[in-house]
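Here's the structure, in structure tokens; my notes come after.
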Amino acid sequence: MDRSQFILIGLPIFLFCSDLFNLFTPPPPKPPSHRPNQPPHIPHQQRPPVVVPGTLDFPSQKPSGLGAVGYGNTVEINFCISCSFKGTAVTMKKMLETAFPGLDVVLANYPPPAPKRLLAKVVPVAQMGVIGMIVAGDRIFPMIGIAHPPAWFNSLRANRFGSMASTWLLGNFLQSYLQSSGAFEVLCNGELVFSKLKEGRFPGEIELRDLISKALTKPSVVTGSY
């Protein structure tokens with residue numbers, strides 16, 4: 001029997017004998033079971049106490065009390081719109097609303113006197129009349145019984161476009177002057193606190209804020225009968 005035949009016969013016999021040995025051998029004892037998801041026991045460590053820093057007491061600032069007096073009060077700023085005072089009025093309005101929260105600031109136009117308003121309405125009519133006279137004066141004068149136009153008409157007619165441009169610019173300037181009042185009047189609850197017509201100047205922001213503060217904090221005098 002050669003070596004290859006011996007291996008082919010001996011290997012199955014060896015495997016059969018090992019299976020018989022394992023069959024009659026008692027199984028080894030099982031190790032203690034552990035939960036698969038349970039982490040190993042770690043002794044509890046005491047956490048250090050959390051130290052909360054104490055708050056520092058700073059002296060609180062007392063409110064000025066100026067903002068609270070704005071509620072229920074009204075400030076009127078009457079200014080000349082044709083004088084380009086609107087920018088100054090809007091700046092003063094924002095300043096007062098910031099300094100006195102709740103304060104009602106009203107902007108309005110301060111009209112010129114009645115005679116100036118009447119003349120301002122007459123100027124455009126006269127302006128268009130002069131321009132119409134320059135354009136068609138040679139036909140208008142004979143209709144009203146004037147056969148020979150006056151000398152001033154001939155001088156205006158000689159430079160027609162220059163005369164019409166001058167009339168238009170002069171009329172606009174005159175109308176703007178008559179519509180302007182030059183006013184910047186500030187009233188607090190109906191009481192005049194500043195007048196540009198009297199002072200001849202605009203109020204400063206700090207000056208106006210102090211004037212309004214004094215008017216709002218001024219104690220009201222109550223009269224009674226005894």
Side-chain angles (χ1 to χ4, degrees), residues 73-100 103-212 214-215:
N73 296 284
T74 303
V75 171
E76 299 177 14
I77 301 179
N78 301 324
F79 62 98
C80 175
I81 294 181
S82 61
C83 301
S84 302
F85 293 168
K86 186 175 182 179
T88 305
V90 171
T91 302
M92 295 298 182
K93 172 183 171 68
K94 294 181 179 179
M95 182 273 297
L96 292 176
E97 290 176 345
T98 303
F100 307 98
L103 183 66
D104 186 16
V105 182
V106 180
L107 304 182
N109 179 39
Y110 190 95
K116 294 181 67 175
R117 294 200 304 267
L118 182 61
L119 290 176
K121 295 181 180 180
V122 175
V123 168
V125 179
Q127 188 178 22
M128 297 304 298
V130 173
I131 294 176
M133 186 70 67
I134 295 173
V135 174
D138 53 349
R139 293 187 297 270
I140 294 177
F141 283 109
M143 295 175 59
I144 59 178
I146 301 176
H148 301 284
W152 60 266
F153 171 74
N154 294 327
S155 61
L156 292 177
R157 190 68 181 273
N159 188 11
R160 180 182 304 179
F161 295 102
S163 300
M164 288 190 296
S166 301
T167 302
W168 183 261
L169 293 177
L170 182 61
N172 290 343
F173 173 77
L174 185 59
Q175 186 178 11
S176 177
Y177 169 75
L178 294 174
Q179 290 178 346
S180 64
S181 60
F184 195 89
E185 314 299 295
V186 182
L187 297 88
C188 181
N189 295 327
E191 179 184 358
L192 184 65
V193 296
F194 185 87
S195 174
K196 181 179 179 296
L197 297 177
K198 295 180 180 180
E199 301 292 336
R201 60 178 179 85
F202 285 99
E205 292 188 10
I206 299 178
E207 178 187 8
L208 184 59
R209 184 183 62 187
D210 294 341
L211 292 174
I212 297 299
K214 292 179 182 179

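No hydrogens, no waters, no symmetry mates; every other heavy atom, side chains included, goes into these values.
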Pairwise side-chain contact, I134 with F153, heavy-atom cut-off 4.5 Å (strictly under): no
Side-chain donor/acceptor of S181 to backbone N/O of P112, under 3.5 Å: no
Quick one, R117 and L178 - any side-chain contact, counting heavy atoms below 4.5 Å? no
Would you check if V90 and L107 make a side-chain contact, meaning some heavy-atom pair closer than 4.5 Å? yes
Trace of the side-chain contact (heavy atoms from CB on, under 4.5 Å) decision for I81 with Y110: CA-CA 8 Å; I81 294 181; Y110 190 95; over 6 Å; no
Pairwise distance CZ(F79) to OG1(T88) - rounded to 0.5 angstrom: 9.5 Å
Drop me the distance from L96's CG to I77's CD1, to the nearest 0.5 angstrom. 5.5 Å
Using a strict threshold of under 4.0 Å (side-chain N to carboxylate O), is an ion pair present between E97 and K93? yes
Going by heavy atoms in the side chains, are V186 and L192 under 4.5 Å from each other? no
Within 6.0 Å of NZ in K116, more than 12 heavy atoms from elsewhere: yes
Would you say that L119 contacts L174 through its side chain, given a criterion of any heavy-atom pair below 4.5 Å between the two side chains? no
In short, G182 meets C83 closest at the heavy-atom pair N-SG, 3.7 Å
Exercise: identify the closest heavy-atom pair between T167 and I131: CG2-CG1, 4.1 Å
Presence of salt bridge, E207 and R201, under 4.0 angstrom: yes
Closest non-hydrogen atom pair, V75 against C188: CG2-SG, 4.2 Å
Straight-line distance of S166 OG to N159 CG, nearest 0.5 Å: 7.5 Å
Contact between M92 and L208 at the side-chain level, heavy atoms closer than 4.5 Å - yes or no? yes
Distance from S195 atom OG to L187 atom CG, nearest 0.5 Å? 9.0 Å
Is a side-chain N or O of Q175 found less than 3.5 angstrom from the main chain of N172, in a donor-acceptor match? no
Tell me, do F85 and C80 make a side-chain contact under 4.5 Å, heavy atoms counted? yes
About how many Å separate CG of N109 and NZ of K86, when rounded to the nearest 0.5 Å? 11.0 Å
First locate atom CG of N189, then atom CD1 of I212, and finally report the distance between them rounded to the nearest 0.5 Å. 9.0 Å
Less than 3.5 Å apart, any donor N or O on the side chain of S82 or Q179 sitting next to an acceptor on the other? no
Within the structure provided, determine whether M95 and R209 are in side-chain contact (heavy-atom separation under 4.5 Å). yes
Determine whether a donor-acceptor pair (N or O, by modelled atom type, separation under 3.5 Å) exists between the side chain of E185 and the backbone of K196. yes
Pairs flagged by ring-ring contact (aromatic ring centres under 6.0 Å, His included) wherever residues 161-194 is involved - sequence neighbours left out: F184-F202
Compare every heavy atom of G171 with every heavy atom of V123, then report the nearest pair and how far apart it is. CG1-O, 3.4 Å
